[in-house]
2 protein chains.
Amino acid sequence: MAVTIKDVAKKAGVAPSTVSRVIADSPRISIDTKKRVRKAMKELGYHPNVNARNLAVRSSKAIGVIMPSSAETALQNPFFPEVLRGVGTVAHETEYSLYVSTGGNDQQLYEEVKRMVYGHRVDGIILLYSRMNDAIMDFLVEEKFPFVVVGKPYENEASITYVDNDNISASKEVTRHLIDFGHKDIAFIGGTTDLVVTTDRFEGYKQALIEAGIKVREDYVINDEFNRTSGKKAVEKLLKLKIPPTAMVITDDMMSLGVINMLEEFGLDCPEDISITSFNNLYLSEITRPPLTTVDIQIYKLGIQGAKCLIEQLQTKDEPAKRVIVPFSIKYRSSTKRFEP
Amino acid sequence: MAVTIKDVAKKAGVAPSTVSRVIADSPRISIDTKKRVRKAMKELGYHPNVNARNLAVRSSKAIGVIMPSSAETALQNPFFPEVLRGVGTVAHETEYSLYVSTGGNDQQLYEEVKRMVYGHRVDGIILLYSRMNDAIMDFLVEEKFPFVVVGKPYENEASITYVDNDNISASKEVTRHLIDFGHKDIAFIGGTTDLVVTTDRFEGYKQALIEAGIKVREDYVINDEFNRTSGKKAVEKLLKLKIPPTAMVITDDMMSLGVINMLEEFGLDCPEDISITSFNNLYLSEITRPPLTTVDIQIYKLGIQGAKCLIEQLQTKDEPAKRVIVPFSIKYRSSTKRFEP
DNA sequence: CCTTTAAATATAAACGCTTACATGTATATG
DNA sequence: CATATACATGTAAGCGTTTATATTTAAAGG
């Protein structure tokens, strides 16, 4: 069996509690004993058992990261590794460990969260998505378990700490850009409608159109998963319309990629025939043909801020609910063009 | 405080040990009591405390995933999320949790591994890289801690369980493809030389050249990190040579991406002016211009197999060291072309 | 030199679970 | 009917920490 606090105590000729205090660097222990104990620890190669510690202090110094059900598909979109990267950085600095969800379906993910929470596996949770009527978020609220969400909560907005972009403005701005370029038939390709990010971005799109006196056409609005295939399918649908759009506001780079591919299959050129704007500024948005005009939402920073908020919440009791808005910027590249009939 | 096994016991009118046995679904408990106890658990909303359990059984039902130091940079290359995805799938099926390293530098990563191991945070570890004289691997061997590596161990190959591709053959085949196309001046752009994957792929490249009676030129060999910038820098160097290569064997898609970008900056066309082959078959290799001829190493499967091996190892004592070779296949796309002087 | 007070360390009771062993009860055996 | 044999459950001792409380020791005060 591994060396325990008792072995160290024996070797150093002190009580286990003293060793424990040395570990915690308590001021109640004299310098001398500290030295002696530390020496004993070194010599025996002592390392604390986290489980025992966690049990005693009822905490785990670990945070759980929850990706949309089936991390399997989630990890396909570089958005998640990138937030994870941000979260990891902060976790590392603050010496927290990272537990990541492994997915499956909604039900399984829910079970996993319960295990994390009830099982005291993690001290807090970062939710990497936000949608309406989410059982997991409800559960966390109900249990009063510390968590922050990356994205805007569907309800209880005021009492939940979250980090987000100003998606409405971003979407509005990008849509206006298209309008400024003379486009009037502008489609919207968004994520599934249960996601708050989708509704926000749609809202911005709508506002821009309305302000420009353009009617919002239902058949110009398509919602689906954030992936390539969805982008492709969306194009197929849109091009079938009597009046196909001349521009598209797309809310995810992976989707945009699919859109570009499909346009090509249809023999259409972007931006010559159709202009598109995108969201996320994944590195891939620079390498597509054409490079995408996209909203840089600073994914990495979202992760950093999310983790920071959570850890503050964990460390100071009764930390008030916070909201942090990470600024976006639009990367103008070459996927849009002035409309010439 | 949360509801414990004792509360359940009291409510069901049994001893705590009985409750524990019900949880473990021991055959020693009668159906009747099981029902009664389960009912009590439901009613009280009981959930086991993992820390207590782990402490008692000295295990954690969690596996650690170690990415190269600084997950920060690691996560930039889609390779890692993709293995993670595979690992996650298996972890999920077998109800293991996933602990991921958060990086920093080599030293910090080493500390983190020690914390995982000594602290009983995880039952086993998956190493997502393999390089020579790696302190972490040495440590795990030394401690006889269960682990598997994704990649080929630098030493103790026979006694360590690992999953890998046949990188030598893959590289050889892809190089031969270039040779068959009439290329003679073929450069090699690989990862850092401490990585086993780099030496293996270089070996295959070398063998192919030698078998074709082509001399291996030192100035045609460049080694650097697996990322875009490295690819760019490599091109800059190679094009400065008196006899610049007409083809390149590149060992990573991200690098290839950099290569393509830089060639373009130099006004060179791939494959018209220079042919390249790549490795990994990341989704991005389909969307570059031109789409890359690349080795599909089946990253997801590497993850699946790695996790499977580890879990087998954990579940059956004295599981022998295994080696699993995930087959590769070459995706012939359009980044290579017959050499026409 | 005895009493106070402060500083340093020890004792022991948690934390919530598992499990070897002990105990009790019902059934089968001769 | 006494005894052996299962079967079902209870008892209690860990697992390795932390921490409130108690105890010892040393310094200070009168």
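What you see is a predicted model; the values in this text were computed from it and never measured. Order of the sequence lines fixes the chain letters, A, B, ..., with proteins taken first and strands second; residue numbering starts at 1 for each chain. FYI, side chains are in, hydrogens and waters are out, and symmetry mates aren't considered; it's all heavy atoms of this structure.
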(request) Could you tell me whether the side chain of B/S17 has a donor or acceptor atom within less than 3.5 Å of a complementary atom in the base of D/dT11? (result) yes
(request) Between D/dT18, D/dG10, D/dT9, spot the one nearest the side chain of A/V57, thanks. (result) D/dT18
(request) Choose from D/dT21, C/dC17, D/dT18 the nucleotide whose nearest atom is closest to any side-chain atom of A/I5. (result) D/dT18
(request) Could you check how far CZ of A/R58 sits from C1' of C/dG16, rounded to whole Å? (result) 10 Å
(message) Taking only side-chain N and O atoms of A/S20, does any of them lie within less than 4.0 angstrom of OP1 or OP2 on D/dT18?
(response) yes
(request) Using whole Å, report how far CG of A/N54 lies from P of D/dC15. (result) 18 Å
(request) Could you check how far CD1 of A/I31 sits from P of C/dA8, rounded to whole Å? (result) 9 Å
(request) Decide whether B/Q107 and B/E111 meet the rule of one side-chain donor and one side-chain acceptor closer than 3.5 Å. (result) yes
(message) Can you see whether B/Y154 engages B/R131 through a side-chain donor-acceptor pair at a distance of less than 3.5 angstrom?
(response) no
(message) Rounded to whole Å, how long is the line connecting atom NZ of A/K34 with atom P of C/dA8?
(response) 10 Å
(request) Measure from CG on B/D32 to P on C/dA26 and round the result to the nearest Å. (result) 14 Å
(message) One thing to verify: whether B/E43 and B/K39 come together as a salt bridge, which I'm taking to mean a side-chain N less than 4.0 angstrom from a carboxylate O.
(response) yes
(request) Give the minimum heavy-atom separation between A/L98 and A/L84, together with the two atoms involved. (result) CD2-CD1, 4.4 Å
(request) Output yes when at least one side-chain N/O atom of A/R28 is less than 4.0 Å from OP1 or OP2 of C/dA8, else no. (result) no
(request) Starting at atom NE2 of B/H120, determine the distance to atom C1' of C/dC17, rounded to an integer number of angstrom. (result) 16 Å
(request) Give a yes/no on whether any side-chain N or O of B/Y46 is located under 4.0 angstrom from OP1 or OP2 of C/dC17. (result) yes
(request) Output the single nucleotide from C/dC17, C/dA22, D/dT17 whose closest atom is nearest the side chain of A/K6. (result) D/dT17
(message) With a 3.5 Å cut-off and heavy atoms only, can you find an N or O donor on one side and an acceptor on the other between the side chain of B/R21 and the base of D/dG10?
(response) yes
(message) Using a heavy-atom cut-off of 4.0 Å across all strands, would you classify B/G13 as base, sugar-phosphate, or nothing?
(response) sugar-phosphate
(message) When you compare the side chains of A/Y118 and B/N49, does any donor N or O come within less than 3.5 Å of an acceptor on the partner?
(response) no
(request) Among the candidates D/dG10, C/dA10, D/dT17, find the nucleotide nearest to the side-chain atoms of B/A15. (result) D/dG10
(request) Could you check how far CZ of B/R121 sits from P of D/dG16, rounded to whole Å? (result) 17 Å
(message) Just N and O in the side chain of B/T18: are any of them under 4.0 Å from OP1 or OP2 of D/dG10?
(response) yes
(message) Here's one to test your reading of the geometry: is the NZ or CZ of B/K61 within 45 degrees of the ring axis of B/Y96 and under 6.0 Å from its centre?
(response) yes
(request) Have a look at B/V19 and say if it touches a base, only the backbone sugar-phosphate, or nothing, with a 4.0 Å heavy-atom cut-off. (result) nothing
(message) Output the rounded distance in Å from CG (A/N49) to C1' (D/dT17).
(response) 8 Å
(request) Mind checking A/H47 for me? I need base, sugar-phosphate or nothing, with any heavy atom below 4.0 Å counting as a touch. (result) sugar-phosphate
